[in-house]
Amino acid sequence: MSYLSHTNRPKLELHLHLEGAAPPAFIRGLAREKHLDISGIFDADGHYKYTDFWDFLRVYEAATAALKTPQDYHRLTLAVLEESAKSGVIYTEAFISPDFCGGRDVTAWREYLHAIREAADIAQATMGITLRGIVTPIRHFGPEKARETALCAAETAGDWIVGLGIGGDEKSGHLSDFKWSFDCAQEAGLHLTAHAGEWGGPDSVRSAMNDLNVTRIGHGVRAIEDLALVDELAEKGVVLEACPGSNVALGLYLSIRKHPINDLYKRGVKVTVSTDDPPFFHTTMQKEYENLHAAFDWDDAFFDQMAKAALDAAFCDADTKTRLDKILEQANA
Ligand SMILES: [Zn+2]
């Protein structure tokens with residue numbers, strides 16, 4: 001198996017924050033157009049600058065301030081998908097938040113969604129990449145705002161908005177505080193995922209599974225600190241949206257080699273790989289594959305199997321899955 005071939009294989013990404021994937025040059029250009037001074041969030045090389053996870057959240061929200069209209073999100077979507085397509089990504093599920101898109105007002109949210117979907121259609125036709133949306137309550141904005149966000153999600157649930165997945169500061173409140181929002185989304189037919197087991201320990205992963213009834217967990221990797229929980233994840237077939245580069249960049253693990261993704265896999269947990277907020281963490285899907293190959297000797301067959309696992313765990317409809325499966329089959333033939 002050749003080293004470089006991993007990079008050319010079709011990839012599916014299940015955990016990507018749309019604003020967090022914004023290329024810094026795109027955000028700088030947008031801020032210039034709007035006469036906004038957000039120069040403080042960039043380093044001398046033009047990359048996003050932050051000190052730790054909580055500072056990262058601050059910088060993230062400052063960058064997002066440049067995104068003010070549906071048209072901005074249209075352009076953002078195209079810029080993000082262009083970068084993903086360069087890494088061979090054929091399918092992405094992006095976290096999108098009515099908090100940033102229209103202030104949780106359903107009518108405004110629909111306008112943003114329309115603009116994002118139009119851009120996604122263009123990307124599908126011109127770059128061969130499919131996008132679906134997961135509505136994201138922001139945990140540190142609190143349960144009340146999350147309810148409004150969940151109602152936006154329920155109103156627009158369907159073929160394109162496919163899930164609900166809480167993000168933000170995992171140390172803020174308890175996941176069970178958001179149960180109403182998750183129940184509301186589930187009743188509307190949405191699939192469920194939650195950030196847990198990144199800054200919180202095994203208990204947060206248990207809470208996501210038991211209190212919120214999720215089928216996937218964003219990160220979830222700190223489950224490794226409790227092997228009974230690891231067995232439970234494996235038994236229930238809960239899928240982890242692992243983002244190794246993100247965890248290393250934010251100091252959760254010292255290196256990819258020290259990251260538990262391989263141990264979780266060996267213990268039977270369904271793991272997938274995503275980039276989270278790629279320009280913040282100096283990563284791409286291509287780099288994730290290269291780093292995992294270097295750290296754990298994962299080969300083409302392994303990556304292909306993981307792409308299939310991601311397809312199984314994707315929240316999109318059956319017809320879309322069949323179409324994507326054909327692309328994977330052709331690539332592996
Ligand atoms: Zn995330």
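Just so you know, ligand 1 is whichever comes first in the structure, and atom 1 is the first atom listed for that ligand. Quantities reported herein were computed from a predicted structural model and do not represent experimental measurements. Residues: numbered from 1 along the sequence shown.
Within the coordination shell of the Zn ion (ligand 1), defined by N, O or S atoms under 2.8 Å, Cys243 is absent. Under 2.8 Å from the Zn ion (ligand 1) lies an N/O/S atom of Asp276, whether from backbone or side chain. At a cut-off of 2.8 Å, His219 does not coordinate the Zn ion (ligand 1) through any N, O or S atom.
A donor-acceptor contact closer than 3.5 angstrom links the side chains of Arg323 and Thr130. A donor atom on one side chain and an acceptor atom on the other are found under 3.5 Å apart for Glu13 and Thr275.
Remark: Glu93 engages Arg216 in a salt bridge, criterion side-chain N to carboxylate O under 4.0 Å. Using a 4.0 Å cut-off between a side-chain N of Lys or Arg and a carboxylate O of Asp or Glu, Lys86 and Glu83 qualify as a salt bridge.
Around the Zn ion (ligand 1), the angle linking His195 (NE2) with His17 (NE2) is 90°, rounded to 10 degrees.
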